[in-house]
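Everything below concerns the one structure shown next.
For clarity, every value in this text was computed on a predicted model and none was experimentally measured. Whatever order the structure lists them in is the order used to number ligands and atoms, beginning at 1.
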Amino acid sequence: MTTTNNVEPPRRHIAVCAFPFGTHAAPLLLLARRLSTATPDTRYTFFNVERSNTALFKAIDVSVGSNIVPYNITLSNEAPAAGPGNPMKAIEEFLEHSPGGFRRAMEEVEAHVGVKISIIISDAFLWYCSDIAEEKGLDWIALWTAGTASLSAHLYTDAIRALASDNQGEEGKEDVLVSIPGLSNVRISDLPMGLVSGDLDAPFSQMLHKMGTMLPKAKVVTLNVFQELSPLVVNDLNSKLKLLCVGPFPLTCPPQVYSDPDNCLDWLDQHGPKTIAYISFGTVATPPPHEIRALAKALEGSDIPFVWSMSDSVRANLPESFIEKIQNEPKVGKIVSWAPQIKLLGHPSTGVFVTHCGWNSIMESISTGVPLICRPIIGDQELNQRIVEIELKFGIGIEGGCFTQSGTTNALNQVLASEKGEEMRKNVEELKKLAEESVKQGGSSNENFNALIELITSS
Ligand SMILES: O=c1ccn([C@@H]2O[C@H](COP(=O)(O)OP(=O)(O)O[C@H]3O[C@H](CO)[C@@H](O)[C@H](O)[C@H]3O)[C@@H](O)[C@H]2O)c(=O)[nH]1
């Protein structure tokens, strides 16, 4: 994992530093692979903890960009790299020890490769890469893996906190963030925990706050977004940072390899156009057991065929009758522990995506033109739902915000079989077209990527 076989020393050496939790490291590796293909004379060292590097380099084929070399960091001389046990504890341990881990690893690799690092690219969460870059006299490029609205919320945290405290106790006062540019449809209650509510002193909240103050120092902040998606927020962010929207990644740097161990795509071939519900809540959190059961009951009662991606521990909450029905009539639905999500969304039989509104899922639904039923759980997801529902208008929430049998049945019927659903489908098809334009030659995302390459090659 630590050496390269290149005989010729690389022309330049870029450090890429990953945040190894949730779906953060994957888009960073996809971006690095795209960059490495465009700059084959450059070595990209991908610094990450071993657990994440091992999984990532198995899932994403980097052979097209073999100038990317994974390197496992250790978090301190005593502590092993964070494991998957208690996620928040592992994140806190990582945040505490990783600055030293990245510094040590960079020195080791520079000595080994014999070429000094000339730029640091990192997940935006790793704001301290700005300090490391400054110490080394280098530029820092950050990748913000979520949407523009949540990025804006982190940049305006102090102003939003002041607004929230002014509004406190004032009955009837609208809590929409009208005074925050680009967030005029967002309510304080849509914001991620740790921004105005929850434990503001927790290490994760503090990391996000610090990040908001450090990102203006980045040479460039790149995003898995195309700028036509939210022009108002993009314009405002551009007055604070140097933003380069180089997405959507499913179009600009797709994974290329899609594992389908349960043959979901063949199963979808047996169904009519736009009839299937695809369900997934991403990699970090899942709705509580009673909601999982209500969702299963709604599917069972409505006879809407589905593919549901869920872990074994969630599967244990499903009603017996539901499992029996699937076993006896396989055409009814499919439960899998991992689906080739992008391919599945792009299949003509898929009619709706029931999602937690993780940013990667949103970009995948826009890239494939699939409307959403939203059940956000944590972090930026509620804010993402608000943007999808109120501004972009290609998804709806569940009545009351939680799965009940009747609320879920209504939502499925609305999207799959009502005029409103047709409208949502038209809206997401329009966004898909804009996304496709942006990645063509001369399109905004393509031009932004060229600007990024120029920055890298001039380092
Ligand atoms: O069966 C599955 C399930 C998921 N995926 C993929 O897994 C990713 C899931 O990403 P995302 O939708 O962003 O969800 P999380 O993994 O939960 O993402 C975390 O990271 C995101 C980006 O920062 C945030 O927006 C989310 O709130 C946070 O939970 C997507 O690329 C999916 O295509 C599959 O390929 N197959």
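- Annotation: atom 13 (O) of ligand 1 to nearest protein heavy atom, Asn360 ND2, 2.8 Å.
- If you number the atoms of ligand 1 from 1 as listed, the ones under 4.0 Å from a heavy atom of His356 come out as 11 (P), 12 (O), 14 (O), 15 (P), 17 (O).
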**Request:** Report the C-alpha distance between Lys420 and Glu423 in whole Å, list the side-chain angles of each, state the deciding distance to 0.1 Å, and finish with yes or no for salt bridge (charged side-chain N to carboxylate O under 4.0 Å, His left out).
**Result:** CA-CA 5 Å; Lys420 187 168 178 190; Glu423 203 52 43; over 6 Å; no

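- Residue Phe281 has no N or O atom closer than 3.5 Å to an N or O atom of ligand 1.
- From the protein, the heavy atom lying nearest to atom 9 (C) of ligand 1 is Thr23 OG1, 3.4 Å.
- The protein heavy atom nearest to atom 12 (O) of ligand 1 is Ser361 OG, 2.5 Å.
- A donor-acceptor pair shorter than 3.5 Å can be found between the side chains of Thr283 and Thr23.
- A donor-acceptor pair shorter than 3.5 Å can be found between the side chains of His347 and Asp269.
- Contact atoms of ligand 1 toward Thr283: 15 (P), 16 (O), 17 (O) (distance under 4.0 Å to a heavy atom of the residue).
- Ligand 1 has no nitrogen or oxygen under 3.5 angstrom from a nitrogen or oxygen of Ser337.
- Other residues, nucleotides and ligands contribute over 12 non-hydrogen atoms within 6.0 Å of the NZ atom of Lys274.
- Heavy atoms from other residues, nucleotides or ligands lying under 6.0 Å from CE of Met214 number more than 12.
- From the protein, the heavy atom lying nearest to atom 33 (O) of ligand 1 is Glu364 OE1, 2.6 Å.
- Numbered from 1 in the order shown, with element, the atoms of ligand 1 that lie under 4.0 Å from a heavy atom of Trp359 read 13 (O), 24 (C), 25 (O).
- A side-chain N or O of Glu228 and one of Ser444 form a donor-acceptor pair less than 3.5 Å apart.
- For the 3.5 Å distance criterion, the side chains of Asn360 and Gln341 fail to qualify, holding no donor opposite an acceptor.
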**Request:** List the steps and the verdict of salt bridge (charged side-chain N to carboxylate O under 4.0 Å, His left out) for Lys426 and Glu429.
**Result:** CA-CA 5 Å; Lys426 262 208 274 184; Glu429 291 283 354; over 6 Å; no

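- For ligand 1 and Ser309, the ligand atoms under 4.0 Å from any heavy atom of the residue are 1 (O), 2 (C), 3 (C).
- Checked by atom type, the side-chain pair Trp140/Ser122 shows a donor-acceptor distance below 3.5 Å.
- Looking only at heavy atoms of the protein, atom 20 (O) of ligand 1 is closest to His24 CD2, 4.0 Å.
- Against a heavy-atom cut-off of under 4.0 Å, Ser280 is close to the following atoms of ligand 1: 3 (C).
- Closest protein heavy atom to atom 29 (O) of ligand 1: Gln381 NE2, 3.1 Å.
- Taking every heavy atom of Ala339 and a limit of under 4.0 angstrom, the matching atoms of ligand 1 come to 1 (O), 2 (C), 34 (C), 35 (O), 36 (N).
- Phe57 and Phe46 have perpendicular rings, their planes meeting at more than 60° on a 0 to 90° scale where under 30° would count as parallel.
- Every atom of ligand 1 is numbered from 1 in the order shown, and the set under 4.0 Å from a heavy atom of Thr145 is 22 (C), 23 (O).
- In this structure, Tyr278 counts as a contact residue of ligand 1, since one of its heavy atoms falls inside 4.0 Å of the ligand.
- The shortest N/O to N/O separation between Asp380 and ligand 1 falls below 3.5 Å.
- The single protein non-hydrogen atom nearest to atom 5 (N) of ligand 1 is Trp338 CH2, 3.3 Å, given as residue, atom name and distance.
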**Item:** side chain to side chain donor-acceptor pair (under 3.5 Å) assessment of His209 paired with Asp158
**Value:** CA-CA 9 Å; His209 189 221; Asp158 290 331; 2.8 Å; yes

